[in-house]
*Asks:* 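Here it is: the structure, laid out below.
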Amino acid sequence: MFVAQELRKRNIAEYLLYMWQVEDTIRAFGCSISRIRREYVDQFDYTDEQKEEEIDWFGNLIRMMNEEGCREQGHLQINKVTLQTLAELHAELLASPKFPFYNTAYYKVLPFIVELRNHGANKEENEIETCLNTLYGVMMLRLQKKEITPNTQHAVKEISTFIGMLSDYYKKDKEGELKFE
């Protein structure tokens with residue numbers, strides 16, 4: 001919860017990737033709050049009060065995962081809405097002549113997006129979701145200490161730069177600093 005709150009303020013893409021990891025963590029513990037407390041939260045250097053807040057947060061997420069039918073796979077509605085908001089901002093930025101650097105960054109990653117979709121990525125997902133799924137997948141490979149090819153590393157570097165730019169624009173938009181007119 002504490003990490004999520006900070007990431008949400010600082011970088012929306014990192015927040016989403018973190019929340020996807022939290023969803024997977026919950027699944028790894030069988031959606032069991034007692035296991036999450038004992039085997040996960042208790043490992044952190046939190047006060048008792050902070051641990052209780054964290055457990056409440058995980059409990060709420062588990063309840064939502066059960067209610068929304070994403071106990072086994074998929075994402076919580078709150079995360080889907082955030083992703084959709086990012087996709088809508090992406091479309092607005094592309095449509096506006098005021099953001100040529102964003103357009104350039106997008107066209108630089110577009111070949112990677114096309115390639116990912118041709119190699120099994122879900123063609124129903126939007127381009128931003130394809131990018132975030134790629135970043136999440138590579139993050140999981142790194143955690144598993146699996147090899148990442150130089151081509152994949154290059155693609156991830158470009159996608160990270162692009163998604164970072166989108167996150168910066170998201171933050172500016174939320175702060176009322178982004179003007180499309």
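Just so we're clear, the structure is a prediction, and the values are computed from it rather than from any experiment.
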*Asks:* What's the spacing between Q77 CD and M65 CE if we round to 0.5 Å?
*Replies:* 13.5 Å

*Asks:* I'd like to know if the side chain of T104 reaches the main chain of P100, judged simply by a donor and an acceptor atom lying under 3.5 Å from each other, with no hydrogens or angles considered.
*Replies:* yes

*Asks:* Quick one: do the T82 and T85 side chains pair a donor with an acceptor below 3.5 Å?
*Replies:* no

*Asks:* So do the side chains of I62 and I36 get within less than 4.5 Å of each other, counting heavy atoms only?
*Replies:* yes

*Asks:* So, taking the atom named CZ in F2 and the one named CZ in F44, what distance separates them when rounded to the nearest 0.5 Å?
*Replies:* 11.0 Å

*Asks:* Give a yes or no on whether the backbone of A13 and the side-chain of S167 come within a donor-acceptor separation of less than 3.5 Å.
*Replies:* yes

*Asks:* How far apart are the closest heavy atoms of Y15 and R8, and which atoms are they?
*Replies:* CE2-NH1, 3.0 Å

*Asks:* What's the spacing between I55 CD1 and Q50 CD if we round to 0.5 Å?
*Replies:* 12.5 Å

*Asks:* Assess the residue pair L94 and F99 against the criterion (side chain to side chain contact (heavy atoms under 4.5 Å, CB included)); give the C-alpha distance rounded to whole Å, side-chain angles, the decisive distance to 0.1 Å, and a yes or no.
*Replies:* CA-CA 7 Å; L94 286 180; F99 305 97; over 6 Å; no

*Asks:* Compute whether any side-chain donor of one residue and acceptor of the other, for Y106 and E127, lie under 3.5 angstrom apart.
*Replies:* yes

*Asks:* Counting only heavy atoms not in E175, do more than 12 sit closer than 6.0 Å to its CD atom?
*Replies:* yes

*Asks:* Closest approach of E158 and V109, non-hydrogen atoms and distance?
*Replies:* O-CG1, 3.4 Å

*Asks:* Under 6.0 Å from the ring centre and within 45 degrees of the ring axis: does the NZ or CZ of R35 meet both conditions for the six-membered ring of F29?
*Replies:* no

*Asks:* Looking at R117 and N126, what are the two nearest heavy atoms and their distance?
*Replies:* NH2-C, 3.0 Å

*Asks:* Can you check side chain to side chain contact (heavy atoms under 4.5 Å, CB included) on Y40 and F58, steps first, answer last?
*Replies:* CA-CA 11 Å; Y40 187 71; F58 272 103; 3.7 Å; yes

*Asks:* Find the distance between NZ (K9) and CD1 (I12) and round it off to the nearest 0.5 Å.
*Replies:* 12.5 Å

*Asks:* Between I128 and A87, which heavy-atom pair has the shortest distance, and what is it?
*Replies:* CG1-CA, 4.1 Å

*Asks:* Can you tell me how far the CD atom of E129 sits from the CG atom of L86, to the nearest 0.5 Å?
*Replies:* 11.0 Å

*Asks:* L178 and F101: same hydrophobic cluster, using ILVMFWY side-chain contacts below 4.5 Å?
*Replies:* no

*Asks:* Could you report the tightest heavy-atom contact between M139 and Q21, atom names first, then the distance?
*Replies:* CE-OE1, 4.1 Å

*Asks:* Verify, without hydrogens or angle tests, whether K98 (side chain) and K179 (backbone) share a donor-acceptor contact under 3.5 angstrom.
*Replies:* yes

*Asks:* Hydrophobic clustering (ILVMFWY, side-chain heavy atoms < 4.5 Å, transitive) - are V81 and I163 grouped together?
*Replies:* no

*Asks:* Going by heavy atoms in the side chains, are R71 and R27 under 4.5 Å from each other?
*Replies:* no

*Asks:* Could you check if a side-chain atom of V138 sits within less than 4.5 angstrom of a side-chain atom of R142, using non-hydrogen atoms only?
*Replies:* yes

*Asks:* One thing to verify: whether K171 and D168 come together as a salt bridge, which I'm taking to mean a side-chain N less than 4.0 angstrom from a carboxylate O.
*Replies:* no

*Asks:* Give a yes or no on this: more than 12 heavy atoms of other residues, nucleotides or ligands lie within 6.0 Å of atom CD of E72.
*Replies:* no

*Asks:* Using a 6.0 Å cut-off, check whether atom CD of E147 has over 12 heavy atoms from anything other than its own residue.
*Replies:* no

*Asks:* Side-chain contact, heavy-atom cut-off 4.5 Å: T134 with F112?
*Replies:* no

*Asks:* Which atoms form the tightest heavy-atom contact between L61 and V22, and what is the distance?
*Replies:* CD1-CG1, 3.7 Å

*Asks:* Could you check if a side-chain atom of Y46 sits within less than 4.5 angstrom of a side-chain atom of E54, using non-hydrogen atoms only?
*Replies:* yes

*Asks:* Looking at E49, I want to see if its CD is surrounded by more than 12 non-hydrogen atoms of other residues, nucleotides or ligands under 6.0 Å.
*Replies:* no

*Asks:* Side chains of Y107 and N103: closer than 4.5 Å at any heavy-atom pair?
*Replies:* yes

*Asks:* Can R37 and E52 be counted as an ion pair, charged N to O under 4.0 angstrom?
*Replies:* yes

*Asks:* Do K108 and F162 touch side chain to side chain, with heavy atoms closer than 4.5 Å?
*Replies:* no

*Asks:* Could you check whether any side-chain heavy atom of R63 comes within less than 4.5 Å of a side-chain heavy atom of N60, counting everything from C-beta outward?
*Replies:* yes

*Asks:* Show your reasoning for whether side chain to side chain contact (heavy atoms under 4.5 Å, CB included) applies to L7 and R10.
*Replies:* CA-CA 5 Å; L7 285 174; R10 197 179 70 220; 3.1 Å; yes

*Asks:* Within the side chain of S160, is there an N or O that forms a donor-acceptor pair under 3.5 Å with the backbone of V156?
*Replies:* yes

*Asks:* Tell me whether K172 at atom NZ has more than 12 heavy atoms from other residues, nucleotides or ligands lying less than 6.0 Å away.
*Replies:* no

*Asks:* For N133 and L17: C-alpha separation, side-chain torsions, deciding distance, then whether side chain to side chain contact (heavy atoms under 4.5 Å, CB included) applies.
*Replies:* CA-CA 8 Å; N133 277 330; L17 294 172; over 6 Å; no

*Asks:* Nearest 0.5 Å, please: how far is SG in C31 from CD1 in I26?
*Replies:* 6.5 Å

*Asks:* Between Y102 and H90, does any side-chain donor sit less than 3.5 Å from a side-chain acceptor?
*Replies:* yes

